[in-house]
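Right, one structure below, let's go through it.
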Amino acid sequence: MTANPPSMTDVLRAARQIAPHLPPTPSWSYPVLDARLGAETIVKHENVQPTGAFKVRGGINLLAGLPADRRAAGVVTYSTGNHAQSIAYAARMFGAPCTVVMPENPNPAKVAAVRALGATVEIKGGTVGEAGEYAAQLAAHGDEEGPRLVSPAEDPEIIAGVGTLYLELFARHPELDAVFVPVGSGTGAAAACLVAAAVAPRCRVIAVQSELAPAAYETWRTGEPVRRPVRTAADGLATGAPFALPQRIMRGLHDFMLVGDDDIYRAQRLLLAEGHTLAEMAGAAPLAALAARREEFAGARVAVICTGGNAAPAELARLLPED
C-alpha cells in the first residue's frame with residue numbers, strides 16, 4: 001500500500017528538524033557556463049553535503065522524527081549508493097543501529113563508505129529489488145519492536161526532507177523560469193513538484209533520466225508501472241522499476257526528458273571546467289538536459305540540481321584530459 005504524499009507542512013517541519021544538522025547548500029551561477037548555455041544557470045550544490053549527495057536530507061529528517069525507542073530498535077534499508085550513505089549517516093548521528101542490504105557485486109568503495117559510517121552491510125540478491133525483499137524480512141516491517149524498514153523512495157519523510165533543498169533554492173532565487181532535476185528513485189523530482197507548486201508556481205519542473213534506464217520516464221508517460229533494463233553507467237539514475245509514491249507526486253511535472261550517457265559525460269566535463277564542480281553522472285544530467293534545450297531556454301533563468309559529487313573511479317578517469 002502506497003503511503004500518502006507529504007504536504008508542505010511536512011516539508012516545513014523537515015526544514016526545522018534538519019536545520020541544526022545541515023547548513024543550506026550554496027547555489028551559484030558561473031559567467032562562462034552562462035555564456036556557453038545562453039541562460040542564467042543556477043547550480044544548486046548538493047554535492048557539498050557531508051555524504052556528497054542530497055539524500056542525506058531525507059535520512060536526517062526520517063531519523064529525527066522517530067521516537068527514541070524506535071531509534072533504539074534501529075533501521076534497515078537497501079541501496080547501492082547515496083541512499084545507503086544517507087541512512088547510515090543519519091543513523092550514526094542519532095545513535096541508531098543501521099543495516100544496509102546491497103545486491104551482489106556492489107561497488108567496493110560504496111561498501112567501504114557505508115561501513116565507515118558505522119552501518120552493517122549485508123550482500124543479498126542479484127538486484128536492488130531482491131535486496132529490498134531481504135531487507136523487509138530483516139526488518140519485519142510493521143513489528144513495532146523490530147527495526148524500521150526504510151525504502152529508498154516510498155517513505156514520505158524522505159521526500160519531505162529532500163524538499164528542503166527546494167525551499168532553499170526558491171528562497172534565494174524566487175524568479176526561476178525552470179528547474180531541471182535528475183530522476184533515479186524520483187524523490188528529488190517529486191519534492192521539486194511539491195515545493196514549486198506551493199512557493200514558485202510559475203517555475204517549470206523538468207525531470208531528467210538516462211535513456212539507458214528509462215523506467216521512471218516511461219511510467220510517467222504512460223501512467224502505468226513499467227520495468228526496463230538498466231544499461232546506463234550513471235549509478236544515481238540506474239532504476240529499472242518505478243517507485244509508486246514519487247510517481248504519484250510527479251504527475252505535477254511540467255516535462256520529463258531522456259538524455260544519453262555521452263551527453264551526461266560532456267555535462268560533467270563542462271561543470272568541472274566552467275563551474276569548478278565535481279558532479280557524479282546523475283548530478284550532471286540536469287545540465288545535459290538544459291544543453292539539449294539551449295534554444296528553448298535562451299535568456300531564461302534556470303536552475304540545475306547537482307544532486308551529488310560521488311563520482312566513481314571510472315567516471316573520474318573519463319574526466320581527466322587525454323594524453
Side-chain angles (χ1 to χ4, degrees), residues 17-18 20-23 25 45-66 68 70-125 127-128 130-132 134-135 138-139 147-153 155 157-158 161-162 164-165 184-185 187-188 233-238 268 277-283 306-317 319:
Q17 294 196 134
I18 291 170
H21 309 290
L22 295 175
T25 57
H45 284 286
E46 290 296 294
N47 56 303
V48 302
Q49 292 286 10
T51 61
F54 76 107
K55 287 180 180 286
V56 69
R57 295 173 180 268
I60 289 176
N61 185 51
L62 187 142
L63 267 293
L66 289 180
R70 296 297 287 134
R71 287 183 196 158
V75 291
V76 176
T77 194
Y78 54 100
S79 169
T80 58
N82 290 333
H83 171 74
Q85 292 185 62
S86 162
I87 300 303
Y89 182 90
R92 184 179 70 172
M93 176 180 290
F94 291 102
C98 177
T99 298
V100 176
V101 183
M102 293 185 174
E104 296 166 3
N105 302 311
N107 183 323
K110 293 184 177 180
V111 173
V114 172
R115 284 178 172 155
L117 290 167
T120 298
V121 176
E122 294 202 27
I123 311 300
K124 195 75 173 181
T127 66
V128 173
E130 291 176 359
Y134 180 69
L138 291 179
R148 167 73 146 79
L149 177 66
V150 182
S151 164
D155 286 283
E157 299 89 347
I158 296 291
V162 172
T164 61
L165 82 86
S185 66
T187 57
D235 287 352
L237 306 179
Q268 275 186 298
T277 299
L278 175 61
E280 60 188 86
M281 287 185 69
C306 182
T307 47
N310 294 323
E315 292 180 60
L316 295 174
L319 293 174

Run the numbers on Leu319 and Leu278 for side chain to side chain contact (heavy atoms under 4.5 Å, CB included), then give the verdict.
CA-CA 9 Å; Leu319 293 174; Leu278 175 61; 3.8 Å; yes

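- The two atoms that bring Val114 and Ala84 nearest to each other are CG2-CB, 3.8 Å, heavy atoms only.
- Taking CG of Asn310 as the start and OG1 of Thr51 as the end, the distance is 6.5 Å to the nearest 0.5 Å.
- Nearest heavy atom pair, residue Ile60 against residue Phe94, reads O-CE1, 3.9 Å.
- Between the OG1 atom of Thr25 and the CZ atom of Arg57 there is a distance of 4.5 Å, given to the nearest 0.5 Å.
- Atom SG of Cys98 and atom CZ of Arg148 lie 12.5 Å apart (nearest 0.5 Å).
- Here the shortest heavy-atom pairing between Thr277 and Cys306 reads CG2-SG, 4.0 Å.
- The list of salt bridge (Lys or Arg N to Asp or Glu O under 4.0 Å) pairs with a residue in residues 102-124, not counting sequence neighbours, reads Lys110-Asp235.
- In terms of modelled atom types and a separation under 3.5 Å, the side chain of Thr77 and the main chain of Val150 share a donor-acceptor contact.
- For residues 71-86, the set of pairs meeting the salt bridge (Lys or Arg N to Asp or Glu O under 4.0 Å) definition, not counting sequence neighbours, is empty.
- Here the shortest heavy-atom pairing between Ala311 and Ala279 reads CB-O, 4.3 Å.
- Side-chain atoms of His83 and Ser185 form no donor-acceptor pair, as typed in the model, at a separation below 3.5 Å.
- If you run side-chain contact (heavy atoms from CB on, under 4.5 Å) between Thr99 and each of Val121, Val76, Ile87, only Val76 comes through.
- Among all heavy-atom pairs drawn from Asn61 and Gly161, the shortest one is ND2-N, 3.7 Å.
- Every side chain to side chain donor-acceptor pair (under 3.5 Å) that Gln49 has, sequence neighbours left out, goes to Glu46.
- In this structure, the side chain of Glu315 engages the main chain of Met281 through a donor-acceptor pair within 3.5 Å.
- Rounded to the nearest 0.5 angstrom, Ile158 CD1 and Lys55 NZ are separated by 8.0 Å.
- When ring centroids are compared, His21 and Tyr89 stay outside the 6.0 Å threshold.
- Taking both residues in full, the closest heavy atoms of Ala131 and Val101 are given as O-CG1, 3.5 Å, listed atom of the first, atom of the second, then distance.
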Carefully, step by step, assess Val75 and Leu66 under the rule side chain to side chain contact (heavy atoms under 4.5 Å, CB included).
CA-CA 10 Å; Val75 291; Leu66 289 180; 4.2 Å; yes

Please assess Val111 against Met102 for the test side chain to side chain contact (heavy atoms under 4.5 Å, CB included), listing each intermediate value before the final yes or no.
CA-CA 8 Å; Val111 173; Met102 293 185 174; 3.6 Å; yes

